[in-house]
Amino acid sequence: MIVLLDTNIILDYIAERPFYKSETKQIFDMIYSHKISGIIAAHSISNLWYLLRKICDDEQRRKIISSLLNSFEIAQIDKSHIKAAIERKNFKDFEDCLQDECASSFNADFIITRDKNDFLNAKILPLLPTEFLHAV
């Protein structure tokens with residue numbers, strides 16, 4: 001099984017947000033133990049770098065990102081993905097459309113996100129963390 005983790009899920013895990021901690025930990029444990037394959041969109045890495053500056057210093061961010069690179073495949077964003085996302089006018093959020101394009105390029109089974117409504121027109125089925133955990 002292949003899943004793409006939306007940036008918000010990765011941030012929940014790293015920041016250990018109390019409300020989401022148990023769910024995201026279970027998902028990450030499944031990826032770390034190779035029960036499922038995890039994908040991160042390349043643009044999520046730069047978004048995470050920017051967002052983590054509020055809770056981590058530069059060295060901590062480098063360690064976190066390096067750790068993610070060791071356990072996840074990274075879906076590239078190239079011209080064809082950007083063009084495809086631009087042409088998909090039924091997506092209200094361009095960044096989420098790029099997430100879907102990345103998931104599709106890996107033939108992912110699911111996109112795990114907290115903002116499922118942002119993926120109403122996705123090619124890949126979006127699931128909330130709880131929905132995903134009940135499905136596996």
Side-chain angles (χ1 to χ4, degrees):
M1 180 180 300
I2 302 171
V3 298
L4 181 133
L5 300 187
D6 196 3
T7 307
N8 54 39
I9 299 299
I10 302 165
L11 194 56
D12 289 344
Y13 176 76
I14 293 168
E16 297 182 341
R17 292 179 173 157
F19 188 73
Y20 307 107
K21 186 176 178 179
S22 174
E23 297 166 351
T24 57
K25 182 180 180 332
Q26 288 177 63
I27 294 166
F28 272 76
D29 286 348
M30 292 171 77
I31 292 166
Y32 291 149
S33 66
H34 305 288
K35 292 180 180 169
I36 61 173
S37 297
I39 305 165
I40 298 174
H43 67 282
S44 290
I45 300 296
S46 58
N47 291 343
L48 286 166
W49 186 272
Y50 176 78
L51 295 168
L52 288 173
R53 80 192 189 296
K54 296 179 182 182
I55 60 172
C56 301
D57 64 27
D58 186 67
E59 189 60 31
Q60 290 172 311
R61 283 182 287 172
R62 290 179 192 282
K63 286 179 182 175
I64 290 167
I65 299 299
S66 291
S67 176
L68 291 172
L69 295 176
N70 289 331
S71 299
F72 287 83
E73 293 294 326
I74 305 299
Q76 300 300 314
I77 301 292
D78 62 15
K79 185 177 185 176
S80 66
H81 291 112
I82 295 168
K83 287 178 87 173
I86 288 171
E87 292 171 9
R88 293 175 67 189
K89 296 175 185 170
N90 59 350
F91 248 87
K92 69 177 185 173
D93 185 296
F94 181 70
E95 191 272 338
D96 290 330
C97 191
L98 285 174
Q99 295 281 17
D100 188 48
E101 287 293 325
C102 287
S104 181
S105 74
F106 266 81
N107 294 314
D109 297 291
F110 305 107
I111 296 172
I112 303 175
T113 182
R114 260 193 298 107
D115 301 322
K116 191 170 142 180
N117 289 334
D118 289 346
F119 291 90
L120 294 177
N121 296 303
K123 298 174 191 175
I124 305 301
L125 181 65
L127 293 177
L128 299 171
T130 53
E131 293 173 323
F132 173 74
L133 291 170
H134 285 104
V136 292

Is Asp12 paired with Arg17 through a side-chain N to carboxylate O contact shorter than 4.0 Å? yes

Side chain proximity check, [X] to [Y], heavy atoms < 4.5 angstrom:
{"X": "Thr130", "Y": "Glu23", "result": "yes"}
{"X": "Ile14", "Y": "Leu68", "result": "yes"}
{"X": "Leu11", "Y": "Leu48", "result": "yes"}
{"X": "Val3", "Y": "Phe132", "result": "yes"}
{"X": "Phe94", "Y": "Ile86", "result": "yes"}
{"X": "Gln99", "Y": "Asp118", "result": "no"}
{"X": "Met30", "Y": "Met1", "result": "no"}

Residue Glu73 excluded, over 12 heavy atoms near CD under 6.0 Å: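 Atom CD in Glu73 is not crowded, with 12 or fewer foreign heavy atoms closer than 6.0 Å.
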
Exceeds 12 heavy-atom contacts within 6.0 angstrom, atom NZ of Lys123: yes

Find the distance between [atom1] ([X]) and [atom2] ([Y]) and round it off to the nearest 0.5 Å.
{"X": "Cys56", "Y": "Leu51", "atom1": "SG", "atom2": "CG", "result": "11.0 Å"}
{"X": "Asp78", "Y": "Glu101", "atom1": "CG", "atom2": "CD", "result": "9.5 Å"}
{"X": "Leu127", "Y": "Ile9", "atom1": "CG", "atom2": "CD1", "result": "10.5 Å"}
{"X": "Ser71", "Y": "His34", "atom1": "OG", "atom2": "NE2", "result": "7.0 Å"}

Quick one: closest heavy-atom pair of [X] and [Y], and the distance?
{"X": "Ala41", "Y": "Leu4", "value": "N-CD1, 4.2 Å"}
{"X": "Ala15", "Y": "Ile55", "value": "CB-CD1, 3.8 Å"}
{"X": "Arg88", "Y": "Ala122", "value": "NH2-CA, 3.8 Å"}

Does the [X] side chain pair with the main chain of [Y], one donor and one acceptor, at a distance under 3.5 Å?
{"X": "Asp100", "Y": "Ile124", "result": "yes"}
{"X": "Thr24", "Y": "Tyr20", "result": "yes"}
{"X": "Gln60", "Y": "Asp57", "result": "yes"}
{"X": "Asn121", "Y": "Phe91", "result": "no"}

Looking just at side-chain N and O atoms, do Asp115 and Thr113 make a donor-acceptor pair shorter than 3.5 Å?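 Distance-only check fails for Asp115 and Thr113.
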
Relative to each other, are the rings of Phe72 and Tyr32 parallel, tilted or perpendicular (30° and 60° limits)?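 Aromatic pair Phe72/Tyr32 classed perpendicular.
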
Between [X] and [Y], is there shared hydrophobic-cluster membership here, with clusters defined by ILVMFWY side-chain heavy atoms closer than 4.5 Å?
{"X": "Ile27", "Y": "Ile74", "result": "yes"}
{"X": "Ile111", "Y": "Ile39", "result": "yes"}
{"X": "Ile112", "Y": "Phe106", "result": "no"}
{"X": "Ile10", "Y": "Ile64", "result": "yes"}
{"X": "Leu128", "Y": "Phe119", "result": "no"}

Filter on ring-ring contact (aromatic ring centres under 6.0 Å, His included), then keep only pairs touching residues 42-69, sequence neighbours left out; what's left?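 ring-ring contact (aromatic ring centres under 6.0 Å, His included) check on residues 42-69 returns no pairs.
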
After noting the C-alpha distance and the side-chain angles of Ser105 and Gln76, does the key distance pass the side chain to side chain donor-acceptor pair (under 3.5 Å) rule? CA-CA 9 Å; Ser105 74; Gln76 300 300 314; over 6 Å; no

Sequence-distant partners of Leu120, side chain to side chain contact (heavy atoms under 4.5 Å, CB included), two or more places apart: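 In terms of side chain to side chain contact (heavy atoms under 4.5 Å, CB included), with neighbours along the sequence ignored, Leu120 is linked to Asn117.
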
Residues in side chain to side chain contact (heavy atoms under 4.5 Å, CB included) with Ser37, at least two apart?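 Listed in chain order: Ile2.
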
